[in-house]
**Q** 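Right, I'll just put the structure down here and ask away after.
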Amino acid sequence: MSDLLRDIYSSIMDGRQKETAEKVQEALDQGADPSVLLNEGMIAAMTEVGKLFEEGEYFVPEMLVAARAMQTGLGILKPYLVKADVKSSGKVVAGTVKGDLHDIGKNLVCMMLEGSAFEIIDLGADVDPQRFVEAVHQTQADIVAMSALLTTTMPNMKVTIEALKAAGLRDNVKVMVGGAPLTQQYADEIGADGFAPDASRAVATAKSLLAA
Ligand code: B1M
């Protein structure tokens, strides 16, 4: 690991927002590969934060400041990940499901999709099933992309799919799901059309859903 990559990793671990932004920018200015910074520096740091939380060494405030530093770093990285295309690949309504505040992974998925010319309607986190329904109705979206990071909120994906059915919209839209606790099997069980384990594969999944 290079010194700068190590600095990015530790500035996120320690929740130092300003330093994270400066180090990410410095690395980019030196020609670093954005996907290496993202995966080996930033996501690796968040994974370690989660491990320390599980071990009782980090608590919610530490997770929160690390998440803020991560979001700041992602803001710097975004223009390098998102290269706008001309023709729209499709319209995506995205959000983290009801009860769930984790939005970093969802934001990353949105960035990658945007970088592949999808139009994103980002509903944010803690999104009520009816809000997804309204957004699909209003925007005539092609895809609903739902994220969940908690085992306790995963069932709200199924609730949202049922709400789309009840509104008569399920046949008009593809549903894809993702988030750390999810599996392809769970996606199949709740009747989603697609699952992706990470943000780059989310792009491939979205494309294949619209090609099908
Ligand atoms: Co929370 N949290 N958290 N947390 N948090 C986890 C998820 C946890 C695994 C930590 C742990 O115990 N090891 C654990 C969940 C346990 C479980 O349910 N099995 C946990 C817990 C318990 C909690 C609280 C309950 C803690 C408490 O209050 N006691 C609480 C719940 C609050 C709530 O949501 N109601 C809570 C709170 C928080 C913070 C607010 C402090 C903060 C979130 C801030 C924010 O997001 N703005 C936070 C954080 C930062 C984490 C960890 C450390 C990091 C999450 C993250 O951003 N990862 C996390 C531990 C971990 O994941 N290792 C943890 C980086 C991100 C890039 O990865 O989100 O997985 P991820 O996204 C990936 C893929 O999953 C995938 O692509 C992304 C990029 O590759 N993906 C998709 C995601 N969505 C997708 C959608 C797709 C496709 C792919 O298609 C639509």
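The analysis underlying the following values was restricted to heavy atoms, covering all of them including side chains, and did not include hydrogens, waters or symmetry mates. We count ligands from 1, going down the list as the structure has it; atoms in each ligand are counted the same way. Note that the coordinates shown come from a computational prediction; the quantities given were computed from them, not determined experimentally.
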**Q** Please check if any side-chain donor atom of Glu134 sits under 3.5 Å from a side-chain acceptor atom of Gln130, or the reverse.
**A**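 Result is no, nothing qualifies.
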**Q** Would you call Asp126-Arg131 a salt bridge at under 4.0 Å N-O?
**A**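 Salt bridge flag = no for Arg131 with Asp126.
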**Q** Out of curiosity, is Arg201 lining ligand 1, as in a heavy atom under 4.0 Å away?
**A**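 Contact absent.
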**Q** Applying a 4.0 Å heavy-atom criterion (strictly less than), which segment of Asp103 is in contact with ligand 1: side chain, backbone, both, or neither?
**A**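 Under 4.0 Å from ligand 1, Asp103 contributes backbone and side-chain atoms.
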**Q** Looking at Asp100, which atoms of ligand 1 are within less than 4.0 Å of one of its heavy atoms?
**A**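 Within the 4.0 Å cut-off of Asp100, ligand 1 contributes 34 (O).
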**Q** Near Ala145, which atoms of ligand 1 are under 4.0 Å from a heavy atom of that residue?
**A**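 So the atoms of ligand 1 that pass are 91 (C).
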**Q** Counting each atom of ligand 1 from 1 as listed, which ones have a heavy atom of Gly179 under 4.0 Å away?
**A**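 Answer, ordered by atom number: 75 (O), 81 (N), 82 (C), 83 (C), 84 (N), 85 (C).
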**Q** So is there a nitrogen or oxygen of Asp198 less than 3.5 Å from a nitrogen or oxygen in ligand 1?
**A**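 For ligand 1, there is no N or O atom that lies under 3.5 Å from one belonging to Asp198.
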**Q** Please give the remaining members of the hydrophobic cluster of Val144, linking ILVMFWY side chains under 4.5 Å, ordered by chain and number.
**A**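 Joined to Val144, directly or through intermediates: Val93, Val97, Ile121, Leu123, Val127, Phe132, Val133, Val136, Met146, Met154, Met157, Ile161, Leu164, Leu169, Val173, Val175, Val177, Leu182, Tyr186, Ile190, Phe195.
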**Q** Which of the numbered atoms in ligand 1 are below 4.0 angstrom from a heavy atom of Ala67?
**A**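 So the atoms of ligand 1 that pass are 44 (C), 50 (C).
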**Q** Any side-chain heavy-atom pair from Thr160 and Lys98 closer than 4.5 angstrom?
**A**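 Sidechains of Lys98 and Thr160: no contact.
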**Q** Between Ser147 and ligand 1, does any nitrogen or oxygen pair lie at a separation below 3.5 Å?
**A**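 Such a contact does occur with ligand 1.
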